[in-house]
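One structure is given here, and the rest of the page talks about it.
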Amino acid sequence: MKFMKLGSRPDTFYTAESVRTVSSEVSSDLIIEVKGCKYLLHKCLRLQRICCESPETSQHQIIQLPDFPGGIEAFELCAKFCYGITITLSAYNIVAAQCAAEYLQMTEDVEKGNLIYKLEVFFNSCILQGWRDSIVTLQSTKAFPLWSEDLGITSRCIESIASKVLTHPSKVSLSHSHSRRVRDDISCNGAESQRHKSTTKGWWAEDMAELGIDLYWRAMIAIKSGGKIPSNLIGQALQIYASRWLPNISRQVKANQGATWDSDSESTGEISSKHRLLLESIVSLLPSDKGDVSCSFLLKLLKAANILNASSSSKMELARRVALQLEEARVSDLLIPSLSYSSDTLYDVDIVLTILEEFMLQGQSPPTSPPRSRLGFERRRRSRSAENIDFEFQESRRSSSASHSSKLKVAKIMDGYLQEIARDINLPLSKFIAIAEKIPDFSRLDHDDLYRAIDIYLKAHPDLNKSERKKLCRILDCKKLSVEACMHAAQNEKLPLRVVVQVLFFEQARAAMAGGKVAELPSNIKALLAAHNIDPSRPPGTLSTTTSIRGDDQWSVSGLKSPKSRTSTLRMKLAEDDFDEYDMNPDGLGRSSKFKAFCALPTGPKKMFSKLLSINRSGSEKN
């Protein structure tokens, strides 16, 4: 860093009876009081103007400077300059010295070579030419915001910093340690090594992270307006800044949630207010293109916004940006704590639902087939325009598959999210279902993860009534359950009976399609079906790839060929029977022992399914 020395005389200032004075053979005739400290000095040409503005009341002229910028240190520096005593100026004290000199009107009109002129030369020729000097000087302006703005110190420092960021680091005057660190990443011929390329390009981010948010925001605006810095580097710089100034926000707020309203809580409120302003400023600086900042970073900002009660516009902007790259999210990042007084849920499910809705709106896929007019071209008369059309179609299909891939990833993420929030005993059923239903059917290749989420929710909410459990399980497609999930579902006492029956029949249908034979049902299920006049010995109809039968309550055995089959009859019987465990028979007695046996569920489901598999194998071998 650069520094400048003025004057040559030794320091002769001393303190006597709480008064600062200077050793001199001439008696003092001037008393200046700065921030409660008195200075016994001499009138001089360089302080002529403030001496003229204050009347003489005794042998000592008294001047009071209560609002002196820079305080005692800055005033004493100016006083030593007047006496020719050696002073040292650097980026750390030049702003205070400039403000003090302006206050004392130490201009060239009073005396040639006065302090203001010398400070201005040093500022322009040395401070603004160095990277670290410009950063430190800009930082020090926050102690004198109005003076620094009026004197143009702040704006000139920002312009200097922005111009250096837009310049290659090899051409910037850096401090020795910083210069060596940056230039080590550059080879002798001036080309950047691939290993340190990204580090070299973002060499300025960590130093700028030392600035307060107001100055940082203005500097970043100047850098972005230059148009030379890639958006992803802007995103990296913002992430570095946020990690420095927004650490452990959730811990700080949770620690103060139970505090009473006193001076400590007021100071906590002020801190939260500052953090809120900082976060909203960072959001306003985020680059607009997708992928310029990571989804994880955006979700961390959203989590902080929720904790700090940031403006709704900032939250919605973050939610929109997260939706653009939701396929990159992690379940842990989506667990945003809820601090709303109107909700007792652990996590803010509404904001995640908003993100999911935004994602689905932005995920409009291009058509998967070309217009009919494009299909009319004859191959033997292919023109360049036809080739271009085919190329555009291929690009459209590629874009469509990418969108489809994103939705598959998001479906997996959201099912994992549902498993986490399902453990919350205060989570309303409507919100759980709302998130599950936002995922398109084609996005879930299987329903195992969704089944796990439903199972967790049922265990965490044992007080759900019959209709609520049925409503919850309507979002589950039994055809998409794996064998392992089916075996678990067959033993799950929390599931409605119709779901268990569906699972068993779909396994029967799978066996029929695969091997042509159907395994025999357990005796307790056969007894239940016989009680409802259903012949369990007849296998379900063959599966159809085109027909789907759906009932009004959406609990169907979809995919069966004939609606008049025994399986369809079972579907209608199940629709008529509520299977409420508290139902009573007409004679007032409880359910039959056969039904209780069914509720107990098969004692050996694994054997049953292994039997299915063995029959399938034998059937396929015979075929």
> Rounded to the nearest 0.5 Å, how far does CZ of Phe122 lie from CG of Leu89?
Replying inline: 6.5 Å
> side-chain hydrogen bond (donor to acceptor under 3.5 Å, both in side chains) with Ser332: which residues, sequence neighbours excluded?
Replying inline: none
> In Å, rounded to the nearest 0.5 Å, how long is the span from NZ of Lys315 to CG of Leu301?
Replying inline: 13.5 Å
> Can you list the residues that meet the side-chain hydrogen bond (donor to acceptor under 3.5 Å, both in side chains) rule with Lys300, with sequence neighbours excluded?
Replying inline: none
>> Enumerate the ring-ring contact (aromatic ring centres under 6.0 Å, His included) contacts for residues 88-114, please, sequence neighbours excluded, ordered by first and then second residue.
In response: Phe68-Tyr103
> Okay, side chain of Asp424, backbone of Leu346: is any donor-acceptor separation there less than 3.5 Å?
Replying inline: yes
> Can you list the residues that meet the ring-ring contact (aromatic ring centres under 6.0 Å, His included) rule with Tyr39, with sequence neighbours excluded?
Replying inline: Phe75
> So, are Arg276 and Glu280 salt-bridged, with charged N and O less than 4.0 Å apart?
Replying inline: no
> Are the side chain of His275 and the backbone of Leu246 linked by a donor-acceptor contact shorter than 3.5 Å?
Replying inline: no
> Can you pull the salt bridge (charged side-chain N to carboxylate O under 4.0 Å, His left out) pairs that have at least one residue in residues 330-346, sequence neighbours excluded?
Replying inline: Arg330-Asp333
> Do Lys431 and Asp350 pass the salt bridge (Lys or Arg N to Asp or Glu O under 4.0 Å) test, and can you show the C-alpha distance, the side-chain angles, and the key distance before you say yes or no?
Replying inline: CA-CA 8 Å; Lys431 291 188 178 182; Asp350 293 331; 3.4 Å; yes
>> Counting C-beta onward and ignoring hydrogens, is there a side-chain heavy-atom pair between Ile439 and Met360 closer than 4.5 Å?
In response: yes
> Among all residues two or more places apart in sequence or in another chain, which pass the salt bridge (charged side-chain N to carboxylate O under 4.0 Å, His left out) test with Lys409?
Replying inline: none
> With no hydrogens and no angle check, is any side-chain donor or acceptor of Ser160 less than 3.5 Å from a backbone partner on Leu128?
Replying inline: yes
> Is it true that a side-chain atom of Asn124 and a backbone atom of Val121 form a donor plus acceptor pair closer than 3.5 Å?
Replying inline: no
> So do Met220 and Met208 actually touch side chain to side chain, heavy atoms under 4.5 Å?
Replying inline: yes
>> Given 3.5 Å as the limit, does a donor-acceptor pair link the side chain of Gln239 with the main chain of Phe297, or not?
In response: no
>> Other residues, nucleotides and ligands only: do more than 12 of their heavy atoms fall within 6.0 Å of NZ on Lys412?
In response: no
> Yes or no on side chain to side chain contact (heavy atoms under 4.5 Å, CB included) for Glu210 and Ile135, after CA distance, side-chain angles and deciding distance?
Replying inline: CA-CA 8 Å; Glu210 298 175 5; Ile135 291 287; 4.2 Å; yes
> Does Ala329 offer a backbone N or O that forms a donor-acceptor pair with the side chain of Ser296 under 3.5 Å?
Replying inline: no
> Can you find a heavy atom in the side chain of Leu30 that is under 4.5 Å from one in the side chain of Ile62?
Replying inline: no
> Which pairs count as salt bridge (charged side-chain N to carboxylate O under 4.0 Å, His left out) when at least one residue sits in residues 66-82, sequence neighbours excluded?
Replying inline: Asp11-Lys80, Arg20-Glu76, Glu76-Lys80
> Who passes salt bridge (charged side-chain N to carboxylate O under 4.0 Å, His left out) against Lys438, sequence neighbours left out?
Replying inline: Glu357
>> Contact between Ser90 and Met1 at the side-chain level, heavy atoms closer than 4.5 Å - yes or no?
In response: no
> How would you list, by chain and number, every residue that makes a salt bridge (charged side-chain N to carboxylate O under 4.0 Å, His left out) with Glu149, sequence neighbours excluded?
Replying inline: Arg218
> Is any side-chain heavy atom of Asp150 closer than 4.5 Å to a side-chain heavy atom of Glu102?
Replying inline: no
> Ser281 versus Trp217: any side-chain heavy-atom pair under 4.5 Å?
Replying inline: yes
> Taking only residues two or more places apart in sequence or in another chain, which ones pass ring-ring contact (aromatic ring centres under 6.0 Å, His included) with Tyr216?
Replying inline: Tyr241
>> Can a donor-acceptor pair be found, under 3.5 Å and without considering hydrogens, that links the side chain of Ser148 to the backbone of Pro145?
In response: no
> So how far is it from Ile161 CD1 to Asp207 CG, rounded to the nearest 0.5 Å?
Replying inline: 9.5 Å
>> Quick test of your reading of the model: are Asp214 and Lys142 salt-bridged, counting only N-O distances below 4.0 Å?
In response: no
> Heavy-atom distance under 4.5 Å between the side chains of Phe13 and Leu41, does that happen here?
Replying inline: yes
> When you measure from the side chain of Thr21 to the backbone N and O of Leu40, does any donor-acceptor pair fall under 3.5 Å?
Replying inline: yes
> Out of curiosity, Leu146 CG to Leu151 CG, how far, rounded to the nearest 0.5 Å?
Replying inline: 10.5 Å
> Nearest 0.5 Å, what's the CD-NZ distance between Glu159 and Lys164?
Replying inline: 11.0 Å
> Does anything in residues 288-297 pair up under salt bridge (charged side-chain N to carboxylate O under 4.0 Å, His left out), and if so which pairs, sequence neighbours excluded?
Replying inline: Lys290-Glu327
>> How close do Leu334 and Leu326 get, counting heavy atoms only, and between which atoms?
In response: CD2-CD1, 4.4 Å
>> Please report the interatomic distance CG(Leu238) to CD1(Ile282), rounded to the nearest 0.5 Å.
In response: 6.5 Å
> Distance-only, no hydrogens or angles: does the Gln64 side chain make a donor-acceptor pair with backbone N or O of Glu33 under 3.5 Å?
Replying inline: no
>> A side-chain contact here means heavy atoms from C-beta on lying under 4.5 Å apart; do Ile351 and Leu302 qualify?
In response: yes
> Which is it for Ile421 and Leu335 under the side chain to side chain contact (heavy atoms under 4.5 Å, CB included) test, yes or no, and what are the steps along the way?
Replying inline: CA-CA 8 Å; Ile421 65 174; Leu335 298 176; 4.2 Å; yes
> So Ser314 and Ser311, side chain to side chain donor-acceptor pair (under 3.5 Å) or not? Walk me through it.
Replying inline: CA-CA 5 Å; Ser314 295; Ser311 64; 3.0 Å; yes
> Quick one: does Asn114's side chain have a donor or acceptor within less than 3.5 Å of a partner on Thr107's backbone?
Replying inline: yes
> After noting the C-alpha distance and the side-chain angles of Phe144 and Gln98, does the key distance pass the side chain to side chain contact (heavy atoms under 4.5 Å, CB included) rule?
Replying inline: CA-CA 10 Å; Phe144 321 99; Gln98 283 181 296; over 6 Å; no
> Which heavy atom in Ala97 sits nearest to a heavy atom in Leu77, and how many Å separate them?
Replying inline: CB-CD2, 4.0 Å
>> Could you go through Phe359 and Ser406, starting from their C-alpha distance and side-chain angles, then the distance that decides it, and tell me whether this counts as side chain to side chain contact (heavy atoms under 4.5 Å, CB included)?
In response: CA-CA 10 Å; Phe359 172 80; Ser406 298; 4.2 Å; yes
>> Taking salt bridge (charged side-chain N to carboxylate O under 4.0 Å, His left out) as the definition, give me every residue that meets it alongside Glu120, ordered by chain and number, with sequence neighbours left out.
In response: Arg156
> Within a reach of under 6.0 Å around CD of Glu108, are more than 12 heavy atoms found that belong to other residues, nucleotides or ligands?
Replying inline: yes
